J.: 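Have a look at the structure that comes next, please.
Quick caveat, the model's predicted, so the values are computed rather than measured. Quick note on labels: first sequence line is chain A, next is B, and so on, each numbered from 1.
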Amino acid sequence: MSKSKRTKIIDILNGDQLGSTVVVKGWVRTKRDSKNVVFIALNDGSVMRNLQIVVDNGSISEEVLASITTGASLSVTGEVIASEGKGQAVELSAQAIQVLGEADPEKYPLQPKRHSLEFLREIAHLRPRTNTFGAIYRIRHAMIFAVHQFFTNKGFLNIHTPIITASDAEGAGETFMVTNFDMEKPPKGADGQIDFNQDFFGKKTNLTVSGQLEGELAALALSDIYTFGPCFRAENSNTSRHLAEFWMIEPEMAFYDLKDTMDLAEEFVRYLVKYALQHCEEDLAFLNKRAEDEDKNKKQEDRRPMSLLESLQFVAEHDFERITYTEAIQILRNSKPNKKKRFQFLIEDWGADLQSEHERYLVEKHFKKPVIIYDYPANIKAFYMRVNEDGKTVAAMDVLFPGIGEIIGGSQREERYDQLTHKMENMGIHAADLQWYLDTRRFGTAPHSGFGLGFERFMQFITGMHNIRDVIPFPRARGSAEF
RNA sequence: UCCCCCUUAGCUCAGUUGGUUAGAGCGGCUGACUGUUAAUCAGUAGGUCCUUGGUUCGAGCCCAAGAGGGGGAGCCA
């Protein structure tokens, strides 16, 4: 059957197709039958809503009707008619039904009722067939598109940075090694150590933890670029905010200082949120209701202060709070939980790293809005961040979101060759390993900045999902690489 | 990696002080029903009580170890 003959359900529900005969294909959500008529709710993923198929008694063989069960895939030919029922404007009066794939009702795990997210995580290969995950994946696509649209509109170039790299000097965490050695007997050198000179790439390689360093190379030629690719971290972190494989968006801009970068980050996030509100209305309304229902079963203090839609609206309309690390320390030092010793880690001296309890206090209690903290102490940040005039802070910034924590990390990069090499030396990073990176500082160096947005963290905010494993189709985490 | 919690039917969960044959709702199946919306009503099948070991006359329940899952911390995006 030719593809052109098939009509997507979204076009039937939203379009003006009354009276026309169409072919629809999709999967059965529920079937309800009574003496004279059978109703089938059909979904094809093009939209949250189902198309109601109406089968008048006798028009379709008993045998075919019997094999139409929840989860079966159908091709239905019928006429689009005005619905007699109340739940929908139009429905499809079936003339012919072909069952493309049966789903044994005794074994098909999805039921026409709500499942726990934990159970759906175990059957992640089937969960796209649920309303919740259909909505999440449609929104995820819309956000991917909006990312490219935002940067394209601003004249940024998308750069594909390498996934296999020999650089692990960024210090962003444990890496996954890439090798094609026979693990039983890897070649060894005279010193008895594994000889990576004989490996596929002639050196030790790993999966990338970030495209930033390569992104800088491109920015220092093309001015404004961004990457949007997978990152891999072998950290042993088991939380609802971490994945071993996640996607990151990393813009890098020549001639931007930190202030320009914070402006861009804020504009970017607000653009994405507005795009979702405008283009994913139906899916967001569903997730909003889902979150509200979820909150009903929780204690008052565990409920979200704003509904999902309210918090999206809030971010779309309000500026983020911007404070320096030093100001943050002052606020925290004078805060109630610090004075009453409610913090597990009390804030005393300047220079301490902020714990998540502190970040949450600032975002959720003190400011009640997204917060950008900038000008961090140099010794708690990465080597490539630009040292400020005071000599003890760096031009770094983190964007903190309610409920999620750090969603963006960025900085102005150290463009001065001497300062950069000096710092690398202090941090034990070998200049020889990063000669290609240092060359940008030797030849036509320029002020530049960038940031990284964790795409799944952002998706958690947009969808209101608490566990990051529910906003990526196939989550990879410690001890788990199913499907 | 650390701390806390959980694991009983396909799913969500009850299960009293350790005591006879382990329950409910939903889902499935069978039937009824003149248009249903996660339909409704009636009936029915369905169990390695996570695994292993221990205590006991007797363990779903107590103890130990392990596995899996969830929440939090650290690290980070």
Side-chain angles (χ1 to χ4, degrees), chain A residues 29-41 49-57 66 69-71 81-88 91 93 103-123 130-131 170-174 209-212 230-250 265 297-298 302 343-345 353-357 359-360 380-382 398-401 404-410 451-461 466-472 477-480 482:
Chain A
R29 287 295 176 80
T30 63
K31 184 174 84 166
R32 296 177 287 275
D33 51 5
S34 64
K35 198 169 188 179
N36 293 337
V37 65
V38 178
F39 299 101
I40 300 160
R49 283 168 290 161
N50 301 320
L51 176 65
Q52 175 154 283
I53 312 290
V54 185
V55 183
D56 287 319
N57 194 19
T69 57
T70 301
I81 59 171
S83 178
E84 286 177 40
K86 281 183 183 153
Q88 56 283 313
E91 60 194 17
S93 175
D104 184 345
E106 307 263 7
K107 290 174 185 152
Y108 187 61
L110 291 173
Q111 305 164 4
K113 59 172 263 194
R114 188 144 157 185
H115 290 289
S116 68
L117 294 170
E118 290 82 8
F119 173 65
L120 292 173
R121 237 167 263 153
E122 286 171 18
I123 52 164
T130 63
N131 285 335
E170 208 220 334
E174 294 294 308
V209 294
S210 158
Q212 180 198 315
C231 298
F232 308 87
R233 296 190 188 173
E235 270 154 25
N236 198 3
S237 52
N238 203 336
T239 79
S240 54
R241 309 185 298 285
H242 287 86
L243 291 165
E245 176 181 299
F246 65 99
W247 291 70
M248 192 148 64
I249 297 143
E250 296 178 287
N297 297 322
K298 288 186 175 171
D302 292 337
F343 282 141
Q344 199 184 336
F345 297 91
D353 210 347
L354 299 179
Q355 309 291 320
S356 52
E357 57 179 346
E359 296 179 348
R360 294 187 73 138
I380 59 172
K381 288 289 180 184
D398 284 349
V399 180
L400 309 177
F401 260 51
I404 299 159
E406 186 179 342
I407 203 165
I408 285 177
F451 64 83
L453 171 90
F455 188 56
E456 282 75 20
R457 294 253 175 105
F458 177 76
M459 281 297 299
Q460 284 187 273
F461 174 71
H466 294 298
N467 193 314
I468 200 164
R469 297 176 194 202
D470 294 331
V471 297
I472 187 168
R478 176 83 194 197
S480 147
E482 290 299 306

J.: In Watson-Crick or G-U wobble terms, both distances under 3.5 Å, what is the partner of B/A73?
T.: B/U1
J.: Taking CZ from A/Arg478 and P from B/C75, how many angstroms apart are they, rounded to a whole number?
T.: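 To the nearest whole Å, that distance equals 19 Å.
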J.: What's the gap between B/G71 and B/G35 when it is taken at their C1' atoms, as a whole Å value?
T.: 46 Å
J.: Would you mind pulling out the nucleotide paired to B/G23, Watson-Crick or G-U wobble, both distances under 3.5 Å?
T.: B/C13
J.: In the structure I gave you, are the side-chain heavy atoms of A/Thr69 and A/Lys31 within less than 4.5 Å of one another anywhere?
T.: no
J.: Nearest to the side chain of A/Gln111, heavy atoms from C-beta on, is which of B/C26, B/A77, B/U36?
T.: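 The nucleotide sitting nearest to the side chain is B/C26.
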J.: Using the C1' atom as the reference point in each nucleotide, state the distance between B/A38 and B/G28 in Å, no decimals.
T.: 15 Å
J.: Distance check: side-chain N/O of A/Ser237 vs OP1/OP2 of B/C75, anything under 4.0 Å?
T.: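 No.
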J.: Looking for any heavy atom pair under 4.0 Å, which part of the strands does A/Ser83 touch: base, sugar-phosphate only, or nothing?
T.: base
J.: Could you tell me how far B/U30 sits from B/A45 if I compare only their C1' atoms? Round to whole Å.
T.: 10 Å
J.: If you measure from the C1' atom in B/C50 to the same atom in B/G68, how many Å do you get, rounded?
T.: 8 Å
J.: What distance, rounded to whole Å, do you find between the two C1' atoms, one in B/C62 and one in B/G18?
T.: 8 Å
J.: Would you mind reading off the distance between A/Gln355 atom CD and B/C2 atom C1', rounded to a whole angstrom?
T.: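 Checked: the CD to C1' distance equals 14 Å.
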J.: Considering only atom P, compute the distance from B/A67 to B/C29 and round it to an integer number of Å.
T.: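 Their P atoms lie roughly 39 Å apart.
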J.: Distance check, C1' atoms only: B/G69 and B/A77, in whole angstrom units.
T.: 25 Å
J.: So, under a plain 3.5 Å distance rule, would you say the side chain of A/Gln344 forms a donor-acceptor pair with the base of B/G74?
T.: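 In this structure, the two groups form no donor-acceptor pair.
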J.: In Watson-Crick or G-U wobble terms, both distances under 3.5 Å, what is the partner of B/U51?
T.: B/A65
J.: Does a distance-only test, which skips hydrogens and angles, find a donor-acceptor pair under 3.5 Å between the side chain of A/Arg114 and the base of B/C26?
T.: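 Answer is no: no donor-acceptor pair is held.
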J.: Using the P atom as the point on both nucleotides, what is the distance between B/G31 and B/C11, in whole Å?
T.: 26 Å
J.: Categorize A/Thr239 for me: base, sugar-phosphate, or nothing, with a 4.0 angstrom heavy-atom threshold over every strand shown.
T.: base
J.: Got a donor-acceptor pair under 3.5 Å from the side chain of A/Glu84 to the base of B/U36?
T.: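 Between B/U36 and A/Glu84, which were checked side chain against base, a qualifying N/O pair under 3.5 Å is absent.
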J.: Mind checking who B/G43 pairs with, Watson-Crick or G-U wobble, both distances under 3.5 Å?
T.: B/C29
